[in-house]
Engineer: 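So that we are looking at the same thing, I have put the structure below in structure tokens.
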Amino acid sequence: FEPANNTYHLKIAVPAKGEDQILIRVDMMDDNGTRTVHEEAHAPGETVELDADGAGDDVQFKIFFDNELVKQVKGKPEPKSNPEAGAETP
């Protein structure tokens, strides 16, 4: 049985303190294990948005600022887009 793949959207606010860039790392834990889905330096005050594909329904994200764990969140899957939904029938 293959776990369903879902897309998860994260929005991370980088603290607006100081002038130095902050290394943002996001680790995702899903049915396939743990992996880093984002690791990049960002400017203070910036908003980081990312999409990650995860296996299964129980997906957790760990968010690190400069290698320090600051938050752990449970992922909520993005609703699947259904082109048929809302289509009007003549």
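Just so you know, these numbers come straight off a predicted model, no measurement behind them.
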Engineer: Going from CD1 on I24 to CD on E46, what distance comes out if it is rounded to the nearest 0.5 angstrom?
Structural biologist: 8.5 Å

Engineer: Going through the distances and angles, do L10 and V73 end up as a side-chain contact (heavy atoms from CB on, under 4.5 Å)?
Structural biologist: CA-CA 10 Å; L10 279 183; V73 295; 4.1 Å; yes

Engineer: Donor-acceptor pairs under 3.5 Å, side chain of residues 63-70 to any protein atom, not counting sequence neighbours: which ones?
Structural biologist:
{"unit_1": "D66", "atom_1": "OD1", "unit_2": "L23", "atom_2": "N", "d": "2.9"}
{"unit_1": "N67", "atom_1": "OD1", "unit_2": "R25", "atom_2": "NH1", "d": "3.2"}

Engineer: So do the side chains of D30 and R35 get within less than 4.5 Å of each other, counting heavy atoms only?
Structural biologist: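 Answer yes - side chains close enough.
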
Engineer: Is M29 reachable from Y8 through a run of hydrophobic residues whose side-chain heavy atoms are each under 4.5 Å from the next?
Structural biologist: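 No: no chain of side-chain contacts under 4.5 Å links Y8 to M29.
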
Engineer: Got a second to check how far Q72's CD is from Q60's CD, nearest 0.5 Å?
Structural biologist: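 Between atom CD of Q72 and atom CD of Q60 there are 5.0 Å.
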
Engineer: Is there a side-chain contact between V48 and V26 (heavy atoms, below 4.5 Å)?
Structural biologist: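 A side-chain contact under 4.5 Å is absent here.
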
Engineer: Which heavy atom in P44 sits nearest to a heavy atom in G18, and how many Å separate them?
Structural biologist: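 For P44 versus G18, the nearest heavy atoms are CG-O, 3.5 Å.
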
Engineer: Enter the distance from I22:CD1 to E40:CD here, rounded to the nearest 0.5 Å.
Structural biologist: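 That separation rounds to 13.5 Å.
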
Engineer: When rounded to the nearest 0.5 angstrom, what distance separates NE2 in H38 from CD1 in I12?
Structural biologist: 6.5 Å

Engineer: Run the side-chain donor-acceptor check on residues 49-57: report pairs under 3.5 Å with partners two or more places apart or on a different chain.
Structural biologist:
{"unit_1": "E49", "atom_1": "OE1", "unit_2": "H9", "atom_2": "NE2", "d": "2.9"}
{"unit_1": "D51", "atom_1": "OD1", "unit_2": "H9", "atom_2": "ND1", "d": "2.6"}
{"unit_1": "D53", "atom_1": "OD1", "unit_2": "T7", "atom_2": "OG1", "d": "2.7"}
{"unit_1": "D57", "atom_1": "OD1", "unit_2": "N6", "atom_2": "ND2", "d": "3.3"}

Engineer: Atom NZ of residue position K74 - does it have more than 12 heavy atoms of other residues, nucleotides or ligands inside 6.0 Å?
Structural biologist: yes

